[in-house]
Amino acid sequence: TCDVHGNRVNGVEVEKKCNVVLDSCTVHDNGQIGIHMHNNSQMVLEKCEVHANDIAGVQVAMSSKITATHSNFHHGKTGVIMVESGGGTFEHCNFYENSIYGICLKSNANPELHHCQMYKNKGSGVHAADRACGSFEQCGMYSNGAAGVSVKAGANPSFQYGRMHGNSQDGVVLYAGGSAEFEHCEVYSNAPHGVEIKEKSSGTFRHTAVHTNEKTGVYLHESGSGTFEACDIHHNEIYGMVVESGSTPKVHTTAVHANKQAGVYVYSKGLGTFEECDIHTNGLSGFAVESGGEPMVLKTKVHSNKEAGVYIYGEGLGTFDDCDINNNGLHGVEFKSGGDALLRGSRIWDAHMYLSSSRACMLACSEDMQLLGAPKHCRLSLMKSRECTVNSNMLYGMAVKSGGNPVVTATEFRSNKQVGVYVYADGGGRFEQCRVHKNGMYGIEVKTQGHPVVRDTKIEKNKKAGIFVHDQGTGSFEGCRIARNEGYGMVSKSKGQPTAFRCNIVENKAGGLYMNKGGGDIDDSDDEKPEMKVNTWFD
């Protein structure tokens, strides 16, 4: 037991392969460093108090090694500094109320810390830079004035079963080329973000929960990247995850849920791959994509969000492949104002309500896909859908209006409560090799200058007409099979003007064609085209 204090420079200096043991000692109020180790020296600290030294409590340098247990490092500038390949082990130690960092690792330092706490430091609890490594197991970094963990400049520490919470400037921040690994950690209740990755930094997060942070759970920007595997991102105050400005996360088997706004927000040329994820019960949309954001979303469930499952707008892009989008509060997929994405092999079903809006840039509303465009001075919406299934929605499978111009290939629209495809108010679109069947009213309804092009599509077994064109709707139907509908195969009335080429209209219960007050054009004049087959023609 000793009390080392009031020295002009260092309290204890150990060098040149010396091996020193301090047990139950206090080292405090020294002019520079409490304990300075260098030149391959070794030291054991047991139940020591190291505090109020001007520069650092302990500095471990030049390949020296320290073993510290049940010791406290506090009320200095930095609790412990490790540089120049310094290493060692800390167990059950506390680093707190220092004016800069709890522990600072630089220039290839590589300690191991177990069951340690870094808290109430004015800077970060843990700061790593300049190729430092280090392993932190079952440690807590909380209530620090900056981040719980800050990593930069080629450092790469690892954290297992850590808790980063209540910090004032992020739970974890990786910047200026830093990287780190986190496994089985919990990052929560930080301001503003749980995890921030920026400036070409990268992190790996496995089995980690990021929740209840004041703004965003995970924020990637300025070309940040990282891997998130089997993580749980939930109950954050704004977004679960934000990806912007060229950032490229890889997110796999991760749940993003119960965040107050969007689950995942991708914008400003943000990228990223999301595979086998579960995006659900968020306060607005599951995915929101705008301004050149372009995520790749594969085999992902997007469900039970309060508004759209997927919302793409303002020049947003993206690919959604083999996804299951269902049970969202407003729409399964919503496009507007230049949104342009590819939906391929996805199932979109069971949306809960139909919403119409008077916003100037709105194109349409539907239970499944909302294809939204803008006035003529804006770029119009273009959505691509391939090999998708759109079914069991409360009103429409797809609605298109106000310049919306989707390209839909090999997609099934079935069992929607009113209409499979609804095109109106100058909506367009191209539908090829689709199947539109078993809808509660019409297979396809076109009105008010709607003008779709429908080719090689089966329109069958709908509860009323297969195709209903009215109120100055138009449209081109080519090579379609219109069969076994409960009403007529095709109805045109009230100045509807459909044009049909090489269509087979057969076995409809009420009749093949019904035309009234506006007629239409059924063209079978080309000898090379097969004869138009109809059950009954009504004038």
Side-chain angles (χ1 to χ4, degrees), residues 113 124-128 133-142 147-152 154-167 169-190 192-213 215-236 239-244 247-259 263-266 270-279 295-298 300:
L113 291 90
S124 298
V126 175
H127 179 69
C133 294
S135 173
F136 296 77
E137 184 178 4
Q138 296 187 20
C139 295
M141 300 85 181
Y142 58 93
V149 175
S150 59
V151 183
K152 62 179 287 189
N156 187 23
S158 65
F159 300 82
Q160 300 83 35
Y161 298 96
R163 299 174 68 201
M164 300 81 179
H165 60 96
N167 299 288
Q169 296 180 30
D170 300 337
V172 174
V173 60
L174 311 179
Y175 66 107
S179 62
E181 297 182 8
F182 298 83
E183 190 164 358
H184 295 287
C185 292
E186 188 175 10
V187 185
Y188 63 98
S189 300
N190 298 285
H193 314 298
V195 175
E196 182 177 4
I197 305 176
K198 61 183 179 179
E199 298 168 355
K200 299 184 178 179
S201 299
S202 178
T204 299
F205 296 80
R206 296 186 180 94
H207 303 283
T208 290
V210 185
H211 63 90
T212 55
N213 296 286
K215 287 190 177 179
T216 298
V218 177
Y219 179 34
L220 296 100
H221 59 115
E222 298 176 58
S223 300
S225 64
T227 298
F228 297 81
E229 185 173 344
C231 294
D232 191 6
I233 303 171
H234 64 93
H235 286 97
N236 296 287
Y239 305 110
M241 178 176 285
V242 171
V243 184
E244 58 136 313
S247 296
T248 56
K250 295 180 180 178
V251 186
H252 187 260
T253 58
T254 286
V256 185
H257 62 101
N259 301 285
V264 179
Y265 178 37
V266 186
L271 302 169
T273 300
F274 299 79
E275 186 171 5
E276 296 183 355
C277 295
D278 191 359
I279 316 297
M296 171 71 73
V297 185
L298 310 170
T300 287

Does any N or O in the side chain of Asn213 come within less than 3.5 Å of the main-chain N or O of Asn190, such that one atom is a donor and the other an acceptor?
yes
With side chains defined as the heavy atoms from C-beta onward, is the minimum distance between Val218 and Ile233 less than 4.5 Å?
yes
Please state whether the rings of Tyr175 and His127 are parallel, tilted or perpendicular, taking 30° and 60° as the class boundaries.
tilted
Aromatic rings His165 and Tyr188: how do their planes relate, parallel, tilted or perpendicular, breaks at 30° and 60°?
parallel
State, with a plain yes or no, whether a side-chain heavy atom of Glu244 is found less than 4.5 Å away from one of Tyr219.
yes
Go through the steps to decide whether Phe182 and Val172 satisfy the test side chain to side chain contact (heavy atoms under 4.5 Å, CB included), and finish with yes or no.
CA-CA 10 Å; Phe182 298 83; Val172 174; 3.5 Å; yes
Where do Met164 and Cys185 land on the side chain to side chain contact (heavy atoms under 4.5 Å, CB included) test, with the steps shown first?
CA-CA 8 Å; Met164 300 81 179; Cys185 292; 4.2 Å; yes
About how many Å separate OG1 of Thr248 and CG of Leu271, when rounded to the nearest 0.5 Å?
7.0 Å
If you look at every heavy atom in Gly177 and Ser201, which pair is closest and at what distance?
N-OG, 3.0 Å
Within the side chain of Asn167, is there an N or O that forms a donor-acceptor pair under 3.5 Å with the backbone of Met141?
yes
Drop me the distance from Arg206's CZ to Glu183's CD, to the nearest 0.5 angstrom.
6.0 Å
CZ-CZ distance between Phe228 and Phe205, expressed to the nearest 0.5 angstrom
5.0 Å
Spell out, as yes or no, whether a donor-acceptor pair under 3.5 Å connects the side chain of Thr300 to the backbone of Val297.
no
Exactly one of Val210, Val266, Val251, Thr216 should register a side chain to side chain contact (heavy atoms under 4.5 Å, CB included) with Met241. Which one does?
Val251
How many angstroms lie between OG in Ser223 and CD1 in Ile197, if you round to the nearest 0.5 Å?
12.5 Å
Looking only at heavy atoms, the pair that brings Val151 and Ala180 closest together is CG2-CB, 4.3 Å
Under a 4.5 Å cut-off applied to non-hydrogen side-chain atoms, are His207 and Glu229 in contact?
no
Are Pro249 and Val243 close enough that some pair of their side-chain heavy atoms sits under 4.5 Å apart?
yes
Listed by chain and number, what are the side-chain hydrogen bond (donor to acceptor under 3.5 Å, both in side chains) partners of Ser179, not counting sequence neighbours?
Asn156
Are the side chain of Glu222 and the backbone of Glu199 linked by a donor-acceptor contact shorter than 3.5 Å?
no
I want to check something: taking the side chain as every heavy atom from C-beta on, are Val264 and Tyr239 in contact at a cut-off of under 4.5 Å?
no
Look up atom CG in Asp232 and atom OG1 in Thr254, then write down how far apart they are to the nearest 0.5 Å.
8.5 Å
Of all the heavy-atom pairs spanning His234 and Asn259, show the shortest one and how long it is.
C-OD1, 3.5 Å
Sub-6.0 Å ring centroid separation between His211 and His235
no
Is there a side-chain contact between Val126 and Pro157 (heavy atoms, below 4.5 Å)?
no
NZ of Lys250 to CE of Met296, rounded to nearest 0.5 Å, is 12.5 Å
Does the side chain of Cys139 come within less than 4.5 Å of Phe159's, by heavy atoms?
no
Could you go through Ser158 and Gln160, starting from their C-alpha distance and side-chain angles, then the distance that decides it, and tell me whether this counts as side-chain hydrogen bond (donor to acceptor under 3.5 Å, both in side chains)?
CA-CA 7 Å; Ser158 65; Gln160 300 83 35; 3.2 Å; yes
Counting only N and O atoms by type, is there a donor-acceptor contact under 3.5 Å from the side chain of Asp170 to the main-chain atoms of Glu196?
no
